[in-house]
Amino acid sequence: MFLKKSFFAQNAVEVAKALIGKTLVFGDFQGIITETEAYRGSDDPASHAYRGPTPRSQIMFGEPGFSYVYLIYGMYHCLNIVTEPVGSPSAVLIRGLQIGSLLLDGPGKLCRHLNLNLSHHQKDLTKAPSFCVVDGINVKPKHILATSRIGIKQGLDKLWRFKC
DNA sequence: CGCAAGATTATT
DNA sequence: ATAATCTTGCGA
């Protein structure tokens, strides 16, 4: 059974941590989530939602458990999952996936391999078995590394990147 | 409407 | 260190 809306409705930092070791299912692919990052709202200058809702960031203010896919640097897609209750902007960026013996380290690489694009934006991951998150391996909190996030210039004080 | 910056990656 | 490549959001 896939993870419910209530799981994603928690604080983004907690969800990001809890997603490590879970299994992402996308079509015929499924892989263990190895790396995530949390992004929040007005308290997080690195977030797309920092300056309030815009056409692009409005998704982060919406229903938890929805996909947020966007194009970065004109060539790579990034997959996020919206978290926290409606009105509380936040999302978790999926940065790493282990598919069998293949390690996809990096949000762009991961989406390229899965053929994941903008057509997969704003999908409810708590409804369809073809695009969802299910239980995976149990990773002890001691084994989860927290560091500052990658590729940003603000909010580096926050240790919101989690890795196995 | 123009423009700079960007949650990246592969290559030099 | 930098090119590739294009959308977004801000300022004018």
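Chain A is the first sequence line, chain B the second, and so forth, proteins listed ahead of strands; every chain is numbered from 1.
By the criterion of a centre-to-centre distance under 5.5 Å and near-parallel planes under 30°, the ring of A:Tyr39 forms a stack with the base of B:dA7.
Between C:dT5 and B:dG2, the two P atoms lie 23 Å apart (nearest whole Å).
Proximity of a side-chain donor or acceptor of A:Ser47 to a complementary backbone N or O of A:Gly41 within less than 3.5 Å is not detected. No donor-acceptor distance shorter than 3.5 angstrom exists from the side chain of A:Thr54 to the backbone of A:Ala49, with no hydrogens or angles considered.
Distance, A:Leu71 CG to B:dA5 P: 19 Å, rounded to whole Å. Atom C1' of nucleotide B:dT8 and atom OH of A:Tyr73 are separated by 6 Å, given to the nearest angstrom. Rounded to an integer number of Å, the gap from CG of A:Leu110 to P of B:dA10 is 12 Å. Rounded to whole Å, the distance from NE2 on A:His113 to P on B:dT8 is 20 Å. Counting to the nearest Å, the C1' atom of C:dT8 and the OH atom of A:Tyr68 are 10 Å from each other. Taking atom CD1 on A:Ile72 and atom C1' on C:dA4, their separation rounds to 13 Å, with Å as the unit. Atom CD in A:Glu35 sits about 12 Å away from atom C1' in B:dT8, given to the nearest Å. As rounded to whole Å, 16 Å separates atom P of C:dT7 from atom OH of A:Tyr76.
The residue A:Gly108 sits close only to the backbone: its heavy atoms come under 4.0 Å of sugar-phosphate atoms, none of a base. A:Ile152 comes within 4.0 angstrom of the backbone, heavy atoms only, and of no base. Nucleic acid contact for A:Arg149: none, since no nucleic acid atom lies under 4.0 Å from a heavy atom of the residue.
A:Arg149 and A:Asp44 are joined by a salt bridge, as a carboxylate oxygen and a charged side-chain nitrogen come within less than 4.0 angstrom of each other.
With A:Val133 as the partner, the side-chain contact (heavy atoms from CB on, under 4.5 Å) test is satisfied by one option alone out of A:Thr126, A:Ile94, A:Ile81, A:Thr23: A:Ile81.
Taking the centre of each ring, A:Phe66 and A:His121 stay at or above the 6.0 Å mark.
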(request) Under the side-chain contact (heavy atoms from CB on, under 4.5 Å) rule, what do A:Tyr68 and A:Leu93 come out as? Steps first, then yes or no, please. (result) CA-CA 9 Å; A:Tyr68 168 28; A:Leu93 171 66; over 6 Å; no
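Put simply, A:His48 has no side-chain N or O that comes within less than 4.0 Å of OP1 or OP2 on C:dT8. OP1 or OP2 of B:dG6 has at least one side-chain nitrogen or oxygen of A:Lys153 nearer than 4.0 Å.
Counted within 6.0 Å of CG on A:Asp43, heavy atoms from surrounding residues, nucleotides or ligands total more than 12; the atom is thus considered enclosed.
Counting only heavy atoms from C-beta on, A:Met75 has its side chain closest to C:dA4 among C:dA4, B:dT9, B:dA7. For A:Lys109, the listed nucleotide lying nearest its side chain is B:dA10; candidates were C:dG9, B:dA7, B:dA10.
Here A:Tyr70 contributes atom OH and A:His48 contributes atom NE2; the two are 4.5 Å apart, rounded to the nearest 0.5 Å.
Stem analysis of DNA chain B (Watson-Crick or G-U pairs, both distances under 3.5 Å, runs of at least three) returns B:1-6 with C:6-11, B:8-11 with C:1-4.
Both A:Arg112 and A:Tyr70 lie near DNA chain B, and the one whose nearest nucleotide falls closer to the 5' end is A:Tyr70.
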